[in-house]
Number of protein chains: 2
Amino acid sequence: MSDLLERLRGRGWRMTAQRRVVAEVLNGEHVHLTADEVHARAVAKLPEISRATVYNTLGELVSLGEVLEVTTDKRAKRYDPNAHRPHHHLVCARCGAIRDVHPLGNPLADLPDTERFGFTVSDVEVTYRGLCPDCAGA
Amino acid sequence: MSDLLERLRGRGWRMTAQRRVVAEVLNGEHVHLTADEVHARAVAKLPEISRATVYNTLGELVSLGEVLEVTTDKRAKRYDPNAHRPHHHLVCARCGAIRDVHPLGNPLADLPDTERFGFTVSDVEVTYRGLCPDCAGA
DNA sequence: GCTTGACTTAGACAAAGTCCATTGTAGGAT
DNA sequence: ATCCTACAATGGACTTTGTCTAAGTCAAGC
């Protein structure tokens, strides 16, 4: 965790109480939080922090490649701190629960040149959908 | 196209001018429109149509399986009329252009049981990201 | 041509996110 | 240790996307 703060400082990130709190929130839990949830947890540690700052900071962390933005549903973006090991997501269609998963194979290699239409393809995002045990059982 | 209208009528869909116009807009162009774009095109054909009706109708078409909802970016949902041939999407990270693509293999089979966490996995959505020729060239 | 219940409408509302002018402050310079 | 200043934070207005509701309208069956 201080790894993250160290890395950021090394890249010339100006360290402020707000940024530290946001980074701590993301590192503290291995879940996929919405911006609002990050804000709520940040407020618990630093009551004066504003929504705009949380959005700004999240945006910077994404630009720096420290955090992934995940848009699994139409609602809010979610932020995934597990940016250094490539992985994909499994989402419950009913309750929205998200798990990180590691499929076999390399989906990037599965897109033939004839299907690339001249694009420079750099990334692939796989989202599995289904029902989690709780929602399927009920 | 009248195929679509026929199918819908066969399923007990009450046919109205508004619904016809929305269905025509989706069938008319092989692009991925946002709800607002659908509304704009629908207004061109039927000026009195309201936003709520477009949203309702799109939602019904999705429920009926005639149209796919695609959420490639954080902005608006897009609607893909090409629901009867399974496919995935290639998105330009800069301009947002979308192409339908057909990767090799079956990503659903690439998720081992040990990575399913008890979920009933029913669907998979693959989004390739990169730069389109225009954006990469510039 | 009626009737009826499903459909449509306009506009208020809500949620998620962005923008901007102002105020505050981290960290280097002195 | 103190000062400076560029960068960061604030908060509130604003935008975008989508949902809801009460009242009016109309497609389809009789």
Side-chain angles (χ1 to χ4, degrees), chain A residues 5-6 8-25 32-64 66-80 96 98, chain B residues 5-25 32-64 66-80 96:
Chain A
L5 294 180
E6 268 321 303
L8 295 172
R9 195 191 298 272
R11 298 213 216 173
W13 226 45
R14 191 159 139 188
M15 192 49 57
T16 67
Q18 291 83 350
R19 287 176 168 189
R20 185 163 20 241
V21 164
V22 170
E24 282 173 10
V25 166
H32 302 75
L33 300 170
T34 63
D36 250 24
E37 288 164 349
V38 173
H39 180 236
R41 284 168 165 71
V43 163
K45 299 183 177 214
L46 184 70
E48 323 78 84
I49 195 169
S50 81
R51 248 160 34 90
T53 297
V54 171
Y55 277 104
N56 288 340
T57 305
L58 288 172
E60 285 157 17
L61 287 170
V62 169
S63 297
L64 292 170
E66 295 290 345
V67 164
L68 291 180
E69 231 173 49
V70 187
T71 55
T72 50
D73 60 8
K74 60 299 191 76
R75 310 288 266 164
K77 287 184 268 193
R78 290 174 178 276
Y79 293 88
D80 184 343
I98 302 177
Chain B
L5 293 180
E6 268 321 303
R7 272 203 306 278
L8 294 173
R9 194 191 299 270
R11 298 213 214 175
W13 228 44
R14 187 158 141 189
M15 192 48 57
T16 67
Q18 291 84 350
R19 288 174 166 188
R20 188 165 15 246
V21 164
V22 170
E24 283 174 9
V25 166
H32 303 74
L33 299 170
T34 64
D36 249 24
E37 287 164 349
V38 172
H39 179 237
R41 283 168 166 72
V43 163
K45 300 182 175 210
L46 184 70
E48 323 79 81
I49 196 170
S50 82
R51 248 163 29 96
T53 297
V54 171
Y55 277 103
N56 289 341
T57 306
L58 287 172
E60 286 158 15
L61 287 170
V62 170
S63 298
L64 292 170
E66 295 291 344
V67 164
L68 291 179
E69 233 173 47
V70 187
T71 53
T72 50
D73 61 8
K74 60 300 193 76
R75 311 286 268 161
K77 287 184 269 193
R78 290 172 180 277
Y79 293 87
D80 183 343

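In what follows, every chain begins at residue 1, and chains take the letters A, B, ... in the order their sequences are listed.
- Within 4.0 Å of A/R20, counting heavy atoms only, lies no atom of the nucleic acid at all.
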Report the C-alpha separation of A/I49 and A/V22 in whole Å, then their side-chain angles, then the decisive distance to 0.1 Å, and conclude whether the side-chain contact (heavy atoms from CB on, under 4.5 Å) test is met.
CA-CA 10 Å; A/I49 195 169; A/V22 170; 4.1 Å; yes
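- OP1 or OP2 of C/dT25 has not a single side-chain nitrogen or oxygen of A/T16 nearer than 4.0 Å.
- The one candidate from B/T53, B/T57, B/V54 that meets the side chain to side chain contact (heavy atoms under 4.5 Å, CB included) condition with B/Q18 is B/T53.
- Interface limits on DNA chain D: the 5'-most and 3'-most nucleotides within less than 4.0 Å of chain B heavy atoms are D/dT17 to D/dA28.
- Side-chain to base pairing of A/R14 with C/dG27: no donor and acceptor N or O lie closer than 3.5 Å to each other.
- Residue-level contact check: A/R19 touches the backbone only, with heavy atoms under 4.0 Å from sugar-phosphate atoms and none from bases.
- The pair A/E60-A/R11 does not meet the salt-bridge criterion, since no charged nitrogen lies less than 4.0 angstrom from a carboxylate oxygen.
- Note on A/A52: a base of the nucleic acid sits closer than 4.0 angstrom, heavy atoms only.
- In this entry the distance linking CD of A/E69 with C1' of C/dA16 reads 12 Å, nearest Å.
- Partners of A/E69 by side chain to side chain donor-acceptor pair (under 3.5 Å), not counting sequence neighbours: none found.
- Contact annotation: B/Q18 side-chain N/O to C/dT9 OP1/OP2 distance is under 4.0 Å.
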